[in-house]
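Note that the structure is predicted; figures quoted are calculated from it, not measured. Worth knowing before you read on, the calculation uses all heavy atoms, side chains too, and leaves out hydrogens, waters and symmetry mates.
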Amino acid sequence: MKFVDEFRDPAAARALVKSITQLAGEDEFKFMEVCGGHTHTIYRHGLEHILPPGIELVHGPGCPVCVIPMGRVDDAMWLAEQPDVIFTTFGDMMRVPGSRGSLLDAKARGADVRFVYSPLDALKIAGDNPGKHVVFFAVGFETTAPSTAVTLVRAKQLGVQNFSVFCNHVTIVPPIRAILESPDLRLHGFLGPGHVSTVVGTRPYRFVPETYGKPLVVAGFEPLDILATVHMLLQQIRDGRCEVENQYGRVVREEGNVQALKLLGETMELRPHFEWRGLGFISQSALKINGAYADFDAEERFSMPGVRVADPKACQCGEVLKGVIKPWECKVFGTACTPETPIGTCMVSPEGACAAYYNFGRMHREAADMIGQTAGV
């Protein structure tokens with residue numbers, strides 16, 4: 001295939017749905033999409049409405065903005081409000097709520113907070129402002145971590161002294177393992193993350209079928225990719241197979257991006273543990289800057305508060321991230337919590353499940369009724 005339209009062809013979609021319906025029969029299946037990009041595609045194109053009723057897609061902790069706990073957001077705001085600091089971040093993180101508001105609120109209070117498209121943009125700001133210290137808020141899975149690694153290497157080569165990184169990169173395998181060990185959820189298989197897999201490859205997921213007996217298929221991001229992945233999962237189950245397959249072969253390789261992985265190994269190391277929103281502390285589930293690049297580690301340069309902050313009681317982002325509830329089952333969804341006034345992180349990023357449901361109107365009738373009752377309509 002060469003063009004996007006080919007991945008959205010209605011006739012091909014109908015053929016896939018027909019085959020999926022035949023494979024599913026009268027049985028029920030629950031598959032989790034781990035990547036927030038998949039969640040976005042599913043609800044943007046209404047795929048959950050064209051699949052047979054016996055197939056349920058649930059959302060996992062694959063939105064990098066969504067999984068950051070409030071304590072780390074508070075640390076970011078503390079950094080942003082330090083004297084002579086220019087705090088830089090991706091756009092989504094500007095609106096993520098902490099206990100004292102968001103980075104946008106910190107900016108309104110006078111902090112120099114700027115959004116950038118790349119950590120290299122932050123490094124350039126450091127070069128242009130020698131009298132200030134520039135901090136980059138590094139967030140994301142292994143997908144975005146290589147760009148941070150490249151920037152660290154470049155900063156060291158240039159001898160930049162007024163630049164550091166507040167590293168919050170997380171890794172994909174530990175949360176999948178945590179989901180599989182959770183007593184709250186029973187799954188039949190996984191739609192494996194596409195973006196992360198371009199970096200790590202498909203090998204890291206072998207533990208899913210080998211240890212937990214669940215199939216995993218790495219998926220692309222177009223509607224036909226998602227439907228083809230569901231079909232491949234069902235085919236494995238009907239064939240009595242359980243393995244890792246790669247639907248996204250046009251991009252993902254078994255060995256991943258070797259050069260990117262080498263850069264990560266050169267600049268970062270695993271943290272002993274890291275807190276995830278909704279999943280708590282998970283061992284070796286995040287990256288930190290290693291000793292060779294400690295001069296660029298904001299956590300080494302600043303005495304940060306590091307206080308753990310509990311999520312708002314009304315927000316059920318944690319349950320959404322674990323796939324335990326659908327977004328519309330949260331008490332504040334669509335009423336107190338909207339993209340304009342987010343209470344939880346899942347309503348901030350376009351990849352967040354709550355934002356996807358809200359923005360594309362994919363609410364079941366009972367969800368609409370629930371919202372009406374909550375609002376007193």
Between F163 and H133, ring centroids under 6.0 Å: no
By salt bridge (charged side-chain N to carboxylate O under 4.0 Å, His left out) - contacts of D92 (at least two apart): none
Would you list the atom pairs, donor with acceptor, under 3.5 Å between side chains in residues 170-180 and any protein atom, with sequence neighbours excluded?
unit_1 : atom_1 : unit_2 : atom_2 : d
T171   : OG1    : S285   : O      : 3.1

Residues Y248, S197; criterion side-chain contact (heavy atoms from CB on, under 4.5 Å); working and verdict: CA-CA 9 Å; Y248 203 25; S197 300; over 6 Å; no
With sequence neighbours excluded, residues passing side-chain contact (heavy atoms from CB on, under 4.5 Å) with S102: L104, D105
Side-chain donor or acceptor of N290 paired with backbone N/O of A292 under 3.5 Å: yes
Donor-acceptor contact below 3.5 Å, side chain R301 vs main chain D295: yes
side-chain contact (heavy atoms from CB on, under 4.5 Å) partners of H40, counting only residues at least two apart: R44, P350, F360
Geometric class of the F29/F31 ring pair [parallel <30°, tilted 30-60°, perpendicular >60°]: parallel
Side-chain (T335) to main-chain (V332) donor-acceptor, under 3.5 angstrom: yes
Pair F302 + F166: ring centers closer than 6.0 Å: no
Check: R206 side chain, T202 main-chain N or O, donor-acceptor pair, under 3.5 Å: no
Mind listing the side-chain donor-acceptor pairs of residues 14-21 below 3.5 Å, one per line with the distance, residues two or more places apart or on another chain?
unit_1 : atom_1 : unit_2 : atom_2 : d
S19    : OG     : H231   : NE2    : 2.7
T21    : OG1    : V17    : O      : 2.7

Any residue meeting side chain to side chain donor-acceptor pair (under 3.5 Å) with S99, in chain and number order, not counting sequence neighbours: D74
Lys/Arg-Asp/Glu bridge criterion (N-O < 4.0 Å) met for E299, R271: yes
Side-chain donor-acceptor contact under 3.5 Å, Q247 with D225: yes
Q82 (side chain) donor-acceptor with W78 (main chain) under 3.5 angstrom: yes
Test: K156 cationic atom under 6.0 Å from F296 six-membered ring centre, within 45° of axis: no
T144 and H169, any side-chain heavy atoms less than 4.5 Å apart: yes
R100 and E81 ion-paired at < 4.0 Å: yes
Minimum-distance pair of heavy atoms, taken over all atoms of A298 and V135: CB-CG1, 4.1 Å
